[in-house]
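See structure below.
Fair warning: this is a prediction, and the values are worked out from it, not measured in the lab. What you see below is based on every heavy atom in this structure, not just the backbone, and it leaves out hydrogens, waters and symmetry mates.
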Amino acid sequence: MRTLATLVLLLLAGTVRADIRLPAVIADGMVLQRGGPVALWGRADEGEKVTVTFRGQRATALAKSGRWSVRLPPGAAGGPFPLSFEGKNRIEFKDVLVGEVWVCSGQSNMQWALRQSLAPEAAIASSANPNLRLFQVAFARADAPQDDLKAAIPWSAASVQSVPNFSAVGYFFGRALQEKLGVPVGLIQTAVGGTPAESWTPLPALSAQPSLKTLVDSAPDAQHRFEAARRTWRLASIVARYEGKAPPPAPRAPWLPSELYNAMVHPLIGYGVQGAIWYQGESNTGRAMQYRTLFPTMIQSWRQALGRKNFPFLLVQLAPFQGNGSPKIEYAELREAQTYSTRVLKNVGMAVITDVGEEADIHPKKKQPVGERLALLARKLAYGEKALAAHSPSVRRVTFSGGQAHVTFQSVGGGLRGDADGTVQGFELAGPDGVFHPARARLSAAERAGGVDVVAAAVPTPRAVRFGFRNFMPVSLFSAEGLPAEPFRTDIPKMK
């Protein structure tokens, strides 16, 4: 009886003494963003006093509605440092770094693991780096903003154990950045394959845009259709099993607006970050004009939520991909919409990868140049290397005269490069009839540093020019630094 009474008292004590609880992203091994106050938060009993100590600084908070938060100065980059939380219980970390933190998000090409990339063995074998830390958010979806998330990979130093299942693009980005900056770098991967941008955008931001509100309004009908399809599938599966047949494939749940933001981004609010890298768009092809509003809306909503106005947002332009051979140009149009975001928003950079696409594979395996081009953009936009050639050549001006088009490019670095003989692949011309024909293009002798002359025998009076503006098209125009030129077309109204 005495043993039973003791057990009851212990159980009762557990109900009145709740330990300090921390969100998954605040854990030993993490990297805290330098250069601004460090926000730390968690849960505790109502009115419980929580004291946080870090690098000789102390901050105290009282839990309200079961939550508490403090802010501390991070100091200069470095570590590892101890960090402690003390209330009714004590939590102590011994391996906290201060440096640069980046979010790595998007769909499958960001999610694509290092072990799945081209020839990953050498990268994995040499990956050990205590100053490069990785955190991977576990997949979840939610119909309302969540306070916490689960970690598929908790904070871990880069190693042969941790990197194989981490984002290949994210890893190569972080590796290049850490080597150049010489400070700790933390990467937070939150990406899900096959997902549209509206699922990563908070509901209020979507609802505030008339052209995007339809995405919100149509979501209940999409969910009802899915539930009806699932009931039909369940019945068909029962019949199939009764008849000794294989059941039909289950219907796929629709991606609803905001559900990934709610579950996989919102819980990160408060955790200091320098910026974000993003590789997505495949699931929004066919809706390029809508993406022109949707994508900038998503970017701005993240900036507002994560508390840093105009933080660097670095995207990967979709790789060339032909798919089922459709004559449509959905991928080219979506790339154009991605380019548009760099024109209408500040501090948005775009890595062009027209040279790494695979005609029949939506998941190109060459992830190292993708990550490294994003790192170049980060160095320029986030870390002040103003003279660095980080942007791809982009069209500046097009003129038509003498039966040819002359295209002038900007951001050419050390000059333009084409094929060995000075020709350039990927240009097309159209005359007054609007029909495009393959064209011959050559680096301009008069303006070799940044100009291309384009002619086509079938187009004696050109009125429009396109470069690389197809779902998949071989192109051969680069800056001297090896960055491929942005695809473009002139037969639409100019972007603002």
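- Distance alone, capped at 3.5 Å, places no donor-acceptor pair between the Thr342 side chain and the Gln338 backbone.
- Residues Leu177 and Ala378 approach most closely at CD1-CB, 4.0 Å, considering heavy atoms.
- Counted within 6.0 Å of CG on Asp147, heavy atoms from surrounding residues, nucleotides or ligands total more than 12; the atom is thus considered enclosed.
- Residues Thr354 and Pro320 come closest through the heavy atom pair O-CG, 3.5 Å.
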Glu282 vs Arg335, salt bridge (Lys or Arg N to Asp or Glu O under 4.0 Å): CA-CA, chis, key distance, verdict: CA-CA 10 Å; Glu282 295 90 343; Arg335 290 185 205 108; over 6 Å; no
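- Side-chain contact between Thr201 and Tyr261 is absent, with no heavy atoms from C-beta onward closer than 4.5 Å.
- Within the structure, salt bridge (Lys or Arg N to Asp or Glu O under 4.0 Å) contacts touching residues 221-235 (residues at least two apart or in different chains) do not occur.
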Does the side-chain hydrogen bond (donor to acceptor under 3.5 Å, both in side chains) test come out yes or no for Gln161 and Ser159, once each step is laid out? CA-CA 5 Å; Gln161 290 79 30; Ser159 68; 3.3 Å; yes
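- A heavy-atom distance below 4.5 Å is found between the side chains of Val25 and Leu268.
- In terms of heavy atoms, Val160 sits closest to Ile124 at CG1-O, 3.1 Å.
- Contact annotation: the side chain of Val185 never approaches that of Asn131 to less than 4.5 Å [non-hydrogen atoms, C-beta and beyond].
- For Tyr331 and Phe321, the gap between ring centers is short of 6.0 Å.
- To the nearest 0.5 angstrom, Ser117 atom OG is 4.5 Å from Leu114 atom CG.
- At distances below 3.5 Å, at least one donor-acceptor pair connects side-chain atoms of Asn347 with backbone N or O atoms of Asn310.
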Audit row: Phe93, Phe85, ring pair (Phe, Tyr, Trp, His ring centres under 6.0 Å) steps and yes/no: CA-CA 9 Å; Phe93 302 153; Phe85 305 82; 5.6 Å; yes
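- Between the CD atom in Gln178 and the CZ atom in Phe173 there is a gap of 12.0 Å [rounded to 0.5 Å].
- Atom CD of Gln223 sits about 12.0 Å away from atom OG of Ser218, to the nearest 0.5 Å.
- A tilted orientation is assigned to the rings of Trp278 and Phe313, their planes being inclined by 30° to 60°.
- Salt-bridge formation is detected for the pair Glu385/Arg379: a Lys NZ or Arg NE/NH1/NH2 atom is positioned less than 4.0 Å from an Asp or Glu carboxylate oxygen.
- Other residues, nucleotides and ligands place more than 12 heavy atoms under 6.0 Å from the NZ atom of Lys365.
- The side-chain heavy atoms of Pro196 and Ser199, taken from C-beta on, include a pair separated by under 4.5 Å.
- When side chains are defined from C-beta on, Phe295 does not count as touching Asn284, because their heavy atoms never get closer than 4.5 Å.
- Here the closest heavy-atom approach between residue Ser167 and residue Met110 is recorded as OG-O, 2.7 Å.
- Between Glu336 and Arg292 a salt bridge is recorded (basic side-chain N to carboxylate O distance below 4.0 Å).
- If you look at Trp255 and Trp200, their ring centroids are not closer than 6.0 Å.
- Taking the ring-ring contact (aromatic ring centres under 6.0 Å, His included) definition, one finds that Phe135 meets it with Trp155, sequence neighbours left out.
- Remark: side-chain polar atoms of Glu46 are paired, donor with acceptor, to backbone N or O of Gly66 under 3.5 angstrom.
- No side-chain N or O of Tyr291 forms a donor-acceptor pair with one of Glu333 less than 3.5 Å apart.
- The nearest pair of heavy atoms linking Gly75 to Val98 is O-CG1, 3.9 Å.
- The only member of Val137, Thr190, Val265 that meets side-chain contact (heavy atoms from CB on, under 4.5 Å) when paired with Leu149 is Val137.
- Note: Lys150 NZ to Met264 CE = 13.0 Å, rounded to the nearest 0.5 Å.
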Given Arg115 and Asn165, is the side-chain hydrogen bond (donor to acceptor under 3.5 Å, both in side chains) satisfied, shown in steps? CA-CA 6 Å; Arg115 61 179 172 78; Asn165 291 315; 2.5 Å; yes
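- The closest side-chain heavy-atom distance from Leu381 to Lys386 is not below 4.5 Å.
- Here the shortest heavy-atom pairing between Ser237 and Pro248 reads OG-CD, 3.9 Å.
- Separation of atoms OG (Ser108) and CD (Gln116) is listed at 9.5 Å; rounding is to 0.5 Å.
- The pair Glu198-Arg287 meets the salt-bridge criterion, since a charged nitrogen lies less than 4.0 angstrom from a carboxylate oxygen.
- Applying the 6.0 Å contact sphere to CD of Gln304 captures no more than 12 heavy atoms from other residues, nucleotides or ligands.
- Rounding to the nearest 0.5 Å places CG of Asp148 at 9.0 Å from CD1 of Ile26.
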